[in-house]
Structures are given as C-alpha cells and as structure tokens.
Amino acid sequence: MKKFIRSLMMLAILFSGFLGMGGQADAAETDTMAFTLHKLVFPENGMPKASQNEGDERLKDYDGLNGVTFDVYDVTADFYRLLAESEEKDAKKVQSELQNMDVSDRTFLAQQVTATIGGKDGVAEFHLPKLSGGEDAVYLFRESAAPSDVKSKAVDMVVALPIIDPVGELLEGPIHLYPKNEIVHPPFEKKILGQQPSYQLGEPIMYELTTKLPSSLSMYTKFLISDQADESLLLDAQSIVVKTADENYDGYQLATSDHGFTLNFDLAKLKAHIGKKITISYTMTLKDPSKVDQDIINQAELETDFDTIVRERKVKTGGKKFIKVDAIEKDHVLSDAVFIVKNAKGEYLLEGEKEYQWTKKKEEASLLKRTSNKDGFFEIKGLRYGSYSLEEIKAPDGYLVSKKEIPFEISENSYTFSKGILQVVNQKETPPGKQTEKPSPTETKKLATGPLAQYPKMNDTRNLLFILIGGSLVVVVIVLAFKRKTRRSE
C-alpha cells in the first residue's frame, strides 16, 4: 500500500510544478529533509505558463525576491485521511484540496524570510522531519507576508515525502521549491506644487515626481526617469533635486535640455534603497505666451525593462483682445492709441526679458505699452486669470485721451472667444472755430453803455409788440363792458 501511495505522491509532486530536483543529501541528520525555497518574481502579466517540473531547474535563471515570509505546517494527518476517504485515491486531488486550507489548528513548524544566500536572492532554507506520527510527513508551505508591490501571494505548496525522481530514485535532499509571484508596476506620480488655474509670463512652476523602488529591482537592467515639456516652458536645470526617503541622492547620470531632462539611475547603487520612495523636484518657467488659452503640457516617463509609465500635467495662461473705435461711429477704427495695463491692486505691468512684473510706480520707463494697429486692434497675452484695466496714455490724432480706466477680465478662453473682443472708444476733439468765445467783462460793459444800448434787441422788440397788442385788447374789453352797463341803466 505504501509503495502505491508513494507513486501517487510522486505524481502529485510533479503536478504541483513547485519542486526542483536536488542532488545528493545535504541534511545533517538522516531523519530530517532539507528544503530550499527559491522565491521567484516576474513582471506584472509576465508569469510563465504553468508546466510540469521535471527536475531540470529551468526556473533557476529567474530573479529571486527577498523579504517574503513563508510558514510551514504539518498536514500529514489531513493528507492521509483525505486520501483514504477518496474513491479515486487521487493524490493530485488531495493535494489540491489541502491548498488554502484553514491552518489555525494545525501544527506550525517553522518560519523563514527569503534573503540572499550563496549569492542568490529570494532563498529560504528549512530542515524538517521526514516522519510525522509514524507516517511519511506531508508539509504545507504558505506565503504569509510579502512586499507591498507583490500583486498576489503565491499559491500554497503541499509536499509529501518521500520524493521519487523521474527515473525512480529516492531523493534525499535538498528538495527545491519554486513559489512564484508577479510584481505590480511601480507607482509613478507627477504633480504641480501649489497648482494655480493659470500662470503669468515668467512665473516659475514647481513640479514633483515620485515613485517607490520595487522589491523586484534585481530584475531590472534599466530604470530611467525623464521629463519633457512644451517649448513654452523652460527648465531650470539647477533646480533638479533627487531624494530617497527624504535624503539627497546622487546615484544617477543626468542629461538636460532647455525643456527637459533624463535621469539614468545606477542600479547597483539603487538596489541598496529597495522599497524606499524616490522624489524628484524641479522648476520650469513659462517663457512664451504664444499658447494662450491652450494646454501647455509637461510629460514625465518612468521607463524600465518591462514597461513605460507616462504621466502628464497641463498649465494655462490667459489673454484678451481689444479694438479701438470712434465713440459715435463704431465702424470707424482708430490706430495709434497707446495703453498701459493695471491689475486689481493698482499696480502697473512691466515687461522684462520674457517675463512680466508689477510696480506701483507709473513713471517706470519699462512700462508695458499696447498700441492699436491700423485695424484698431491690440492685445495682451501671458497674464493670469483675473480683473485688470487699461489706462490710455495717448489718444489717436484728433481724439481726446480717455479719462476713465477701461476694466476687463481675463478668464479661460477670453482670448480665443471671438465675442470677447472688447471695444474701446474715443471722443473726437472739437474743431477750432466751432466753439463761440464768451466776451470779456470789459466788452460786456461797453455793450451795455454804448450807442447800441439805446436800441432794443430783436427779442426785446418782439416782446414789446406783444405787450402793446395785449394792452389794447384789455382796453377794448373794458370799454365794451362799460357801454353794456350804461344801456341797462337807461
């Protein structure tokens, strides 16, 4: 019966795919069996297809994963009970039933954490009794803890002794086990520190990239982090700072351009920081307002042997268009009107070399001026969203300088929105000769006392005529009334 069971157990071992075939016995004592566990790691969705383990140690070239905890339980009684109860006497089925079993009341034997042993990562060694309760022992190996970037724990491994190799020879150990895991892609995030809805020309924008070094870093031969921005953004190469766990780090090669950079990490140095967070901070400045009301994109990449993760962020800048017209004839456009710009704080806009600044002093020589062209148009680009006003400092020829400030708003799409063009009007000057001059006080006195003063003015003559006619009518009415009264008395 035992020979039959041993044959069944051998089939179960081959089916499990967890066992590699060892050489001669390494156990210090003949009543124990040595088990060497090789924790293997694969990139996400890169797990090899399951296949029968025939002792060729085909998995030995894969990378090992340190820091994984394995517990071992004695499930000998469970194995033989289920095998005896089954009609098929199918060891494979029994082995499968023992996987994922509740081990809360099973005998816990040992625990090991995978580490680097003999120059190989992901190794754990166990020495376990060959017998349990007078029967050939059966053990369950369970992964109980793993690094956070492990996608899922390895399936339980159920090993029944003794082990027979494919040619019928009894293996004395060590028995090689190969639990496998997939590692999820390392996290990679990009953000703008203190992000604003919009930015002004020359304003610095602070970016930050973060990732966590994967526990499977031994698998990698390439770990690159890069960033490339739109041409409107200029990189400040001196601002690049790399940190691991909040400490400055310099284990990389840096290449920069006007609009981006690449960090090529030295993996030999980087492996000492497995599991730590990497932070890359840097500054870019908005140097070109040509993409007003458009997304100005900054794209970062984390590139490894297995994948390229892309993250991007967008910023915007605003603007406004104006047209200068006659106050009465709105179709008549006016050129050569000159304006300066003020913000809500009453500060005046200055124009530096590819940057804007603000000042309280209107007399600053470098005030940013806008002049209407032959079609009456002028515009302002590269300002943050907000409230502003225009102050006219020179009017078109023949027109009066506006005494009132012209308020305007910069908001999303205020520049590209066709109906958002703001009309700015001017009043014409009064042509010479059309305005009657008032006489001086001396001239007024001469007119009042001179010869012409004896003659009524035209309006005075007209008024006197009305008075005479009215008086005559009153006399006529009185006379008629008197005669009528006299007749009645007679």
Side-chain angles (χ1 to χ4, degrees), residues 39-47 62-69 113-114 121-122 143-154 179-195 205-229 233 235 239-256 260-284 295 297-315:
K39 178 61 178 178
L40 302 181
V41 65
F42 300 88
E44 190 171 14
N45 303 319
M47 186 86 79
Y62 286 93
D63 292 283
L65 180 62
N66 292 338
V68 183
T69 304
V113 179
T114 58
D121 295 332
E143 182 179 315
S144 59
S148 60
D149 55 347
V150 170
K151 185 175 184 180
S152 59
K153 294 179 181 179
K180 297 177 283 295
N181 284 95
E182 288 184 9
I183 295 293
V184 298
H185 299 307
F188 185 53
E189 299 301 331
K190 176 186 180 73
K191 64 180 180 180
I192 299 174
L193 301 179
Q195 183 166 10
I205 306 169
M206 297 180 64
Y207 294 89
E208 184 178 86
L209 305 176
T210 56
T211 187
K212 185 178 180 181
L213 293 176
S215 57
S216 59
L217 196 61
S218 59
M219 299 167 52
Y220 293 63
T221 62
K222 177 170 57 176
F223 199 86
L224 301 175
I225 294 180
S226 62
D227 190 281
Q228 185 62 38
L233 296 173
L235 171 69
S239 69
I240 299 174
V241 176
V242 182
K243 292 186 176 183
T244 56
D246 297 326
E247 294 183 358
N248 288 345
Y249 180 75
D250 60 1
Y252 56 83
Q253 292 180 337
L254 173 64
T256 63
F261 64 88
T262 298
L263 294 168
N264 188 355
F265 286 88
D266 184 334
L267 285 169
K269 295 180 179 179
L270 203 60
K271 288 177 182 177
H273 301 275
I274 284 177
K276 293 181 180 179
K277 178 181 177 182
I278 288 186
T279 303
I280 304 164
S281 58
Y282 54 101
T283 300
M284 290 193 169
D295 290 333
I297 300 174
N298 188 7
Q299 181 174 285
E301 292 185 358
L302 169 59
E303 183 180 358
T304 69
D305 304 70
F306 311 106
D307 201 6
T308 298
I309 305 172
V310 179
R311 298 287 184 264
E312 69 175 32
R313 288 293 177 265
K314 303 172 182 177
V315 297

Taking it one step at a time, do Val242 and Ile225 satisfy side chain to side chain contact (heavy atoms under 4.5 Å, CB included)?
CA-CA 11 Å; Val242 182; Ile225 294 180; over 6 Å; no
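Within the 3.5 Å criterion, the main-chain N or O of Ser144 finds a donor-acceptor partner in the side chain of Lys153. Between the side chain of Thr304 and the main chain of Lys222, no donor-acceptor pair closer than 3.5 Å is present. Using a distance-only test at 3.5 Å, with no hydrogens or angles considered, no donor-acceptor pair links the side chain of Asp266 to the main chain of Tyr252. Within the 3.5 Å criterion, the main-chain N or O of Ser215 finds a donor-acceptor partner in the side chain of Asp149. Remark: side-chain polar atoms of Thr114 are paired, donor with acceptor, to backbone N or O of Leu65 under 3.5 angstrom. Side-chain N or O atoms of Glu143 include one that pairs as donor or acceptor with a backbone N or O of Ala154 at under 3.5 Å.
Applying side chain to side chain contact (heavy atoms under 4.5 Å, CB included) to Ile280 and the options Phe261, Tyr249, Tyr207 leaves one that passes, Phe261.
The ring of Phe306 has its center closer than 6.0 angstrom to the ring center of Tyr220.
Rounded to the nearest 0.5 angstrom, Ile205 CD1 and Met284 CE are separated by 9.5 Å. Atom OG1 in Thr211 sits 13.5 Å away from atom NZ in Lys190 (nearest 0.5 Å). If you take NE2 on His273 and CG on Leu213, they are separated by 8.0 Å, rounding to the nearest 0.5 Å. Distance check: Leu209 CG to Glu301 CD gives 11.5 Å after rounding to the nearest 0.5 Å. Taking NZ from Lys314 and CD from Gln299, the interatomic distance works out to 10.5 Å, rounded to the nearest 0.5 Å. Atoms CG and OG1, from Leu302 and Thr210 in turn, are 10.5 Å apart once rounded to the nearest 0.5 Å.
In plain terms, the two heavy atoms of Pro214 and Ile274 that are nearest each other are O-CG2, 3.6 Å. When all heavy atoms of Arg313 and Ile192 are compared, the pair lying nearest together is CB-CD1, 3.9 Å. Scanning all heavy atoms of the two residues, the minimum distance from Ser218 to Asp121 falls at CB-OD2, 3.7 Å. When every heavy atom of Arg311 is checked against every heavy atom of Phe188, the shortest pair comes out as NE-O, 2.8 Å. In plain terms, the two heavy atoms of Asn66 and Gly122 that are nearest each other are OD1-N, 2.6 Å. The shortest non-hydrogen separation linking Gly260 to Gln228 is CA-OE1, 3.9 Å.
Ring geometry for Phe223 against Phe265 counts as perpendicular: the plane angle is over 60°, on a 0 to 90° scale with 30° as the lower cut.
Counted within 6.0 Å of CG on Asp305, heavy atoms from surrounding residues, nucleotides or ligands total more than 12; the atom is thus considered enclosed.
For the 3.5 Å distance criterion, the side chains of Tyr282 and Asp227 qualify, holding a donor opposite an acceptor.
Applying the salt bridge (charged side-chain N to carboxylate O under 4.0 Å, His left out) test to residues at least two apart or on different chains, the pairs with a partner in residues 205-219 are Lys191-Glu208.
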